[in-house]
Amino acid sequence: PLRHLGGAVGKIRADLFRFSTIRLWSLLSGECVHTLSGHDSFVYSLATIPDSLGGGLVSGGEDRTVRVWRAADGECEQTITVPAVSGKQSWRSGVTSTPRHEKSSNFCAASIVWCVSVLSNGDIAAGASDGLVRLYTRSKDRIASEADLAVRLPVLIAITWNWSWS
């Protein structure tokens with residue numbers, strides 16, 4: 001996907017390059033001004049942070065992370081690991097060091113951040129492969145208290161695990 005960024009650095013376009021890299025291009029010169037590296041696997045979504053909220057880019061991908069990037073210098077400002085665990089399980093098999101080369105099997109939950117969005121108040125929404133959309137904020141006024149989480153989180157988990165696609 002292509003995203004346009006504004007700001008002090010001029011007009012910028014972002015695109016995905018190879019599987020885990022994001023490039024920022026100057027629309028004025030046509031040159032690549034920054035290469036953003038940090039995701040460990042495929043990047044599936046990009047969203048822009050409005051200039052009024054500081055500008056930049058948010059990305060999400062197969063490595064279960066949401067990353068916040070500064071457009072001015074291409075630095076990763078923050079990495080959020082999304083605690084997504086998909087209902088589908090995938091097998092990963094490895095070879096042990098035993099002489100018979102027995103395969104060891106480990107279940108690995110497939111977890112992907114499919115989409116990210118920046119809300120008008122600066123919060124970030126991330127949709128993951130477990131079917132949940134999570135909101136992330138830097139505003140202490142919008143963070144749930146420990147007491148509220150203790151009451152609501154078990155109910156949310158119960159609803160999530162009982163929910164199906166059918």
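Atoms OG and CD, on S20 and E62 in that order, are 10.5 Å from each other to the nearest 0.5 Å. Going from atom CD of E146 over to atom CG of D148 covers 10.0 Å, rounded to the nearest 0.5 Å. Here OG1 of T21 is found 8.5 Å from CG of L36. Values are rounded to the nearest 0.5 Å. For the atom pair L119 CG and I49 CD1, the distance stands at 11.5 Å (nearest 0.5 Å). Taking OG1 of T35 as the reference point, atom CH2 of W25 lies at 8.0 Å (rounded to 0.5 Å). Taking CG of L135 as the start and CD1 of I124 as the end, the distance is 10.0 Å to the nearest 0.5 Å.
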Exercise for review: May I have the step-by-step check of side chain to side chain donor-acceptor pair (under 3.5 Å) for T137 and R142, ending in yes or no?
Suggested key: CA-CA 7 Å; T137 186; R142 292 190 299 274; 3.2 Å; yes

Practice item. Take R67 and T79 through the side chain to side chain donor-acceptor pair (under 3.5 Å) test and state the conclusion after the steps. Key: CA-CA 5 Å; R67 295 177 187 264; T79 301; 3.1 Å; yes

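Contact between V116 and A47 at its shortest, heavy atoms only, is O-CB, 3.6 Å. Scanning both residues, I22 and L46, for their nearest heavy atoms gives CD1-CD2, 3.6 Å. Smallest separation of non-hydrogen atoms from V82 and A128: CG1-CB, 4.3 Å. Taking each heavy atom of Y136 and A126 in turn, the nearest pair found is CE1-CB, 4.1 Å. In plain terms, the two heavy atoms of R64 and P83 that are nearest each other are NH2-CA, 4.2 Å. Between S120 and L53, the closest heavy-atom pair is O-CD1, 3.8 Å.
Judged by distance alone, the side chain of S26 and the main-chain N or O of V33 form no donor-acceptor pair under 3.5 Å. H39 contributes no side-chain N or O that, together with a main-chain N or O of V66, makes up a donor-acceptor pair within less than 3.5 Å. In this structure a side-chain-to-backbone donor-acceptor pair under 3.5 Å is present from S129 to I112.
For D141, there are no salt bridge (Lys or Arg N to Asp or Glu O under 4.0 Å) partners, not counting sequence neighbours.
When side chains are defined from C-beta on, Q78 counts as touching R138, because their heavy atoms get closer than 4.5 Å. Contact annotation: the side chain of C76 never approaches that of R70 to less than 4.5 Å [non-hydrogen atoms, C-beta and beyond]. L57 is not listed as a side-chain neighbour of V68, based on a closest heavy-atom distance of 4.5 Å or more.
Side-chain atoms of S59 and W69 include a donor-acceptor pair closer than 3.5 Å.
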